[in-house]
Amino acid sequence: MNFTQMRSFAAVYLHGSTVRAADFLDRSQSQVSADLRALEAGMGLTLFARQGGRLLPTTSAEALYPRVLNVFAAHDDAMALARGRGADSLSIGATRSLSMTVVPRLVRALRAQDPLIALNVRFISYPELVIAVAEGQLDQAIVKLPVEDQRVHYLTLGSAPLVVVMQPDDPLTCHATISPAEIGARPIVRTGATSPAWRAVLQAFASHRKTPVSEISMDGVGPICRMIADGEGIGIVNRMLASDYAADLGLVMRPFAPVQTETFALIGHHLLTPRHELETVAQTLSQLIELDRDDK
């Protein structure tokens, strides 16, 4: 068993076919297939079974995969030690809600730690971020949990509740917490119809046998806060995403009841993203964002 064979095995395990694994590794399908045959012959094991056009891991592959990941982790740690610093380049993804707040601060912090690092940042939706990392187009991304794609691993950053955002003279500011009963038919500037935050709001209103009134949806918490500052109603959004915008625009936040929380994580590719690089960025992020953590 050599390192190249292990990489081919892990790529097939994650991507389900030699074709996709070859594309991911920038190698030919015949090379990946040859690596698998040599690995199976050398170990005397069957690692994959073909079913419906996919290669499904056998119990032997399931047992081998975490051990291969440990080899990759040891190799990455040794290379980082040899370099004396982190990655030469890093691509990070996030949603547009973080584009004017957390991400610029993160970039400055990472550059302060390593002035020679080259950084590339993309702003796309949460589902697109997971796919981009899983397909090797991004090294890391800030997302909301759950993440079910087995090609990625993650470090939990913490959780933040939904809050009601409003102008400082809004009558709702007199409440310590605000429920659907207090909001009633007030117009809400919302996130996308399929976003987890809005689904949680719909569920909360349904528990009160009410339907929220919303005729404006915005792609991003920043634009929502801007609309609220301009007098277009109230918003129910994630506290972490909204806090900087609310402060800059002079808006007030109150907890939404019943409590609805969202958990954020930093994800990387199981095969391509070294654990220590994920930990470095996660530790830096923890100093820049306000999240509730289990260890507090």
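Position 1 is the first residue of the sequence; numbering continues from there. None of the values given here were measured: they were computed from a predicted structure.
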Residues in side chain to side chain donor-acceptor pair (under 3.5 Å) with [X], at least two apart?
X: Gln203; value: none
X: Asp230; value: Arg226
X: Ser30; value: Ser28
X: Asn2; value: none

*Any ion pair linking Glu128 and Arg122 (charged N to carboxylate O, less than 4.0 Å)?*
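Salt bridge: no.
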*Is any NZ, NE, NH1 or NH2 atom of the basic residue among Glu215 and Arg190 found under 4.0 Å from an Asp or Glu carboxylate oxygen of the other?*
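No, this pair does not count.
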Side chain to side chain contact (heavy atoms under 4.5 Å, CB included) partners of [X], counting only residues at least two apart:
X: Ala181; value: Ser179, His208
X: Leu119; value: Leu90, Val107, Leu110, Arg111, Ile117
X: Met1; value: Gln5, Met6, Leu39, Met43, Leu64
X: Ile216; value: Val189, Met218, Met227, Glu232

*asked:* Under the side chain to side chain donor-acceptor pair (under 3.5 Å) definition, can you give me all pairs with a residue in residues 279-289, not counting sequence neighbours?
replied: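 Checked against side chain to side chain donor-acceptor pair (under 3.5 Å) - neighbours excluded - the pairs reaching residues 279-289 are Gln113-Thr284.
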*asked:* A side-chain contact here means heavy atoms from C-beta on lying under 4.5 Å apart; do Val152 and His270 qualify?
replied: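 Not touching, per the 4.5 Å side-chain cut-off.
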*Closest approach of Leu202 and Pro212, non-hydrogen atoms and distance?*
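Distance-wise, the nearest heavy atoms are CD2-CG, 3.5 Å.
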*Check salt bridge (Lys or Arg N to Asp or Glu O under 4.0 Å) between Asp248 and all other residues, then give those that pass, not counting sequence neighbours.*
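Applying salt bridge (Lys or Arg N to Asp or Glu O under 4.0 Å) to Asp248 gives none.
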*Answer yes if the side chains of Tyr13 and Gln150 hold a donor-acceptor pair under 3.5 Å, and no otherwise.*
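On atom types as modelled, these side chains do not qualify, holding no pair under 3.5 Å.
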Please set out all donor-acceptor pairs under 3.5 angstrom arising from side-chain atoms of residues 250-267, sequence neighbours excluded.
unit_1: Arg254; atom_1: NE; unit_2: Thr173; atom_2: O; d: 3.2
unit_1: Arg254; atom_1: NE; unit_2: His175; atom_2: O; d: 3.3
unit_1: Arg254; atom_1: NH2; unit_2: Thr173; atom_2: O; d: 3.1
unit_1: Glu262; atom_1: OE1; unit_2: Lys144; atom_2: NZ; d: 3.0
unit_1: Glu262; atom_1: OE1; unit_2: Asn238; atom_2: ND2; d: 3.0
unit_1: Glu262; atom_1: OE2; unit_2: Lys144; atom_2: NZ; d: 3.0
unit_1: Glu262; atom_1: OE2; unit_2: Ala197; atom_2: N; d: 3.3
unit_1: Thr263; atom_1: OG1; unit_2: Ser159; atom_2: OG; d: 2.8

*Within the distance-only criterion (no hydrogens, no angle test), does the side chain of Glu290 pair as donor or acceptor with the backbone N or O of Met240 below 3.5 angstrom?*
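Between the backbone of Met240 and the side chain of Glu290 there is no qualifying donor-acceptor contact (under 3.5 Å).
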*asked:* Listing request: all salt bridge (Lys or Arg N to Asp or Glu O under 4.0 Å) pairs with a residue in residues 33-52, at least two apart in sequence or in separate chains.
replied: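 Salt bridge (Lys or Arg N to Asp or Glu O under 4.0 Å) check on residues 33-52 returns Arg27-Asp35.
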